[in-house]
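Only heavy atoms go into these numbers, but all of them, side chains included; no hydrogens, no water, no symmetry mates.
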Amino acid sequence: MTAPFFLAKGLTHGAYIGTEAASALTLHLTKTTAYGVGDPLSRRVLLLGVARTPATLVGAWAGRRIVRRISDQVFVRLIEAGLVVSGLLFLAGL
């Protein structure tokens with residue numbers, strides 16, 4: 001939901017990804033706190049999150065290497081293509 005706003009501000013490459021990561025971190029910390037207080041956050045869910053962390057780190061590392069090699073124009077077009085595909089999948093109910 002934030003991608004169009006970040007693109008409209010002219011963010012690309014590292015600035016876009018860093019801003020997106022910071023906003024996602026804030027969102028997830030807030031949700032984790034709320035879920036922890038409300039008690040739907042079980043030990044199993046926390047362990048699954050920890051187990052998935054290495055894959056997330058590898059994905060971030062690989063993504064950084066790819067993003068460094070593409071132009072601003074290609075970066076923006078890839079983000080926009082992802083938004084279009086996401087919108088179509090949403091409309092299709094998938």
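Residues Ala15 and Thr19 approach most closely at O-OG1, 2.7 Å, considering heavy atoms.
Thr32 meets the side chain to side chain donor-acceptor pair (under 3.5 Å) test with no other residue; sequence neighbours excluded.
With rounding to the nearest 0.5 Å, the separation of OG1 in Thr53 from CG in Leu57 is 6.5 Å.
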Before giving the answer on side chain to side chain contact (heavy atoms under 4.5 Å, CB included), spell out for Trp61 and Arg65 the whole-Å C-alpha distance, their side-chain angles and the decisive distance to 0.1 Å. CA-CA 7 Å; Trp61 175 80; Arg65 292 181 58 106; 3.3 Å; yes
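In this structure, Ile79 shares a hydrophobic cluster with Phe6, Leu7, Leu11, Tyr16, Ile17, Val67, Ile70, Val74, Phe75, Val76, Leu78, Leu83, the cluster being traced through Ile, Leu, Val, Met, Phe, Trp and Tyr side chains under 4.5 angstrom apart. Taking a 4.5 Å side-chain heavy-atom cut-off between Ile, Leu, Val, Met, Phe, Trp and Tyr, the cluster of Leu89 extends to Val85, Leu94.
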